[in-house]
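Have a look at the structure below before the remarks.
These numbers come from the heavy atoms of this one structure, side chains and all, not from hydrogens, waters or symmetry mates. Just so you know, ligand 1 is whichever comes first in the structure, and atom 1 is the first atom listed for that ligand.
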Amino acid sequence: MASLCVSTFPTTSLSPLSPLSSKPPPYRFKVSCNASSDDHPKTSESPNLILPMQNNNVDRRNLLLGLGGLYGTANMTNIGSAFAYPVTAPDDISDCVPATSLINNLDDVVRGVACCPPHSPAAFPKPYVLPSFRALRVRSPAHKLTPEYIEKYKAAIAAMKALPDDHPHSWKQQGKIHCAYCNGAYHQQLSENQKVEVKVHFSSIFYPFHRWYLYFYERILGKLIDDPSFALPYWNWDNPMGMMLPAMFEAPGPDNDLRTNPLFDPYRNVSHAAPAIVDLQFDDKERGHPCVDQVSINLCSLHTQMIRTKRTDDFFGCDPNPKVSECGGSIENGAHTAVHRWVGNPRMANHEDLGNFYSAGYDPVFYVHHANVDRMWHIWMGLKGNRNKGPRSTDWKNSSYVFYDENEELVRVYNRDCVDMKRMGYMYEASSIPWKESPPIPRVKASKVALKSVRSVKKAEETEFPVKLDKRVNVLVKRPATTRSEDEKEKATEMLVLNGIKFNSEKFFKFDVLVNDVDDGIQTTATSSEFVGTFAQVPHMPGHKMFITSGASYGITEVLEDLEAEEEEYVLVTLVPRAGTEDATVSEIKIELLPID
Ligand code: C2O
């Protein structure tokens, strides 16, 4: 299935920073954490707000910089990181502060950033014990739901929306959970006089946090309709049959009125309702090849993010780590974020709802999208060779969050208890997985491109770095080893590493990374083997020229196999400027072998 056109296919080999190598991830297009204004007294919240802590000498702005969070995205290599690990949400939820992290414009927030949960009668959260159950809840693909199931799902959401706003199960409170954990409502003690924000994105904390979040959301919905078998649908965006926004979200309710459909959300990109196909590759509007279609691009991107991403750190993101401020995994930085951006309304100042963390939880699509993200975790673990992988540090296992369960009980949950979803009482109905068989395909067969360009292109060791990205950059990069055995390939993956990517954060920034590409005037897209990834970033602070330094790395083992270039000593690396690159530079381009765990 997959590609309609043989000569195409995808994409981005991502690989996030690993603590080992402090290498940043390739896919840098992220959902901005930038919430603008607030439903709080505006005068008291500013980016320079002092944190409520014993010692008030710490400027919040510095803390945010330390977390790499001020601009929400890049790996800010020059700034000391502040983090605390295991990630631990506070025992006393009344320590929660307005989620004012990263405010651009106080006037443009439509959802508010007063994201603290309602007061609990219990002083402290109880440790959560997974309850026993009679049958697994089965999460089904949204596009295959029966009309009866859709009605049941709508009834559950309607019941949630009917609760008073201050009820811990209300639609609003459930939406606030995401805002609180992303936009800085919770802090934990880093040292005696320093608190840092609890963060659940851009690291290995991403999957477990969202698994727990959906777990309680699903149980609450089940309880509201008195159906313990109720399971969330999943948006099957990885299958061509599921690549449109499921129709139920945009269908009119009673009286033919959109607004009476409880699944409708006014803050979405209206031009992305069905039959538009989701774009998992961000913005590849200009297709170089006439037969590159969106479905192929999506499948190829997923192949790279799932199949060609073999290291635990590259798939999950690295553990929160003092050396790097952000290092999300392949799916988090790739398809996951692309879907957020695609659904959110670009006409809203903050791309509400899905296009911004502070507002994402207010759209029912969020939970159905994240069910599929959660399913990607499950599928990846089942792929050949991955069974014993996954984050294993004690700090990862002991990271914990606080939720209200379906009985309004405040509970603390740990990563270690969410590794096995069957123990949690749910599973995914199978859906075919065409991206497994959708690898990118070489655009030009066995081109020996690098060999041919030896006389015309400079080698990295002769190139003067930093190189400017104002035009197409070509560099020959030496490989640490040629012709590796299958055994060696199973132990280590060959990574193309870009360090010191410096760019102006005021503008949308994007460049493509190609290897052994023939520059024949045709644009190489994500469906070709030569295309190893995109580095893209949304503008952070429009109107504030500010340079960010980041990095990226891309797995190229299979790419070089595809291109029959395994015997070559050099790889021709090409960086193709796509947007906002006029004043950008890259300070190092190299190839390394990194161990697969
Ligand atoms: Cu917490 Cu899709 O993000």
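- When you scan the N, O or S atoms of His370 for the one nearest atom 2 (Cu) of ligand 1, you land on NE2.
- Side-chain contact check for Val110 versus Tyr362: every heavy-atom pair is 4.5 Å or farther apart.
- Within His336, the N/O/S atom positioned nearest atom 2 (Cu) of ligand 1 carries the name NE2.
- Among pairs with a residue in residues 240-250, those fulfilling salt bridge (Lys or Arg N to Asp or Glu O under 4.0 Å) read Glu250-Arg268, at least two apart in sequence or across chains.
- With sequence neighbours left out, the side chain to side chain contact (heavy atoms under 4.5 Å, CB included) criterion links Lys223 to Glu406, Asn407.
- The shortest distance between side-chain heavy atoms of Ser399 and Tyr414 does not fall below 4.5 Å.
- Proximity of a side-chain donor or acceptor of Glu197 to a complementary backbone N or O of Tyr186 within less than 3.5 Å is not detected.
- His369 lies apart from atom 2 (Cu) of ligand 1 in this respect, since none of its N, O or S atoms is found at a distance under 2.8 Å.
- Note on Cys182: not counted as a metal contact of atom 1 (Cu) of ligand 1, no N/O/S atom lying under 2.8 Å.
- Centred on atom 1 (Cu) of ligand 1, the NE2 atom of His178 and the NE2 atom of His201 lie at an angle of 110°, reported to 10°.
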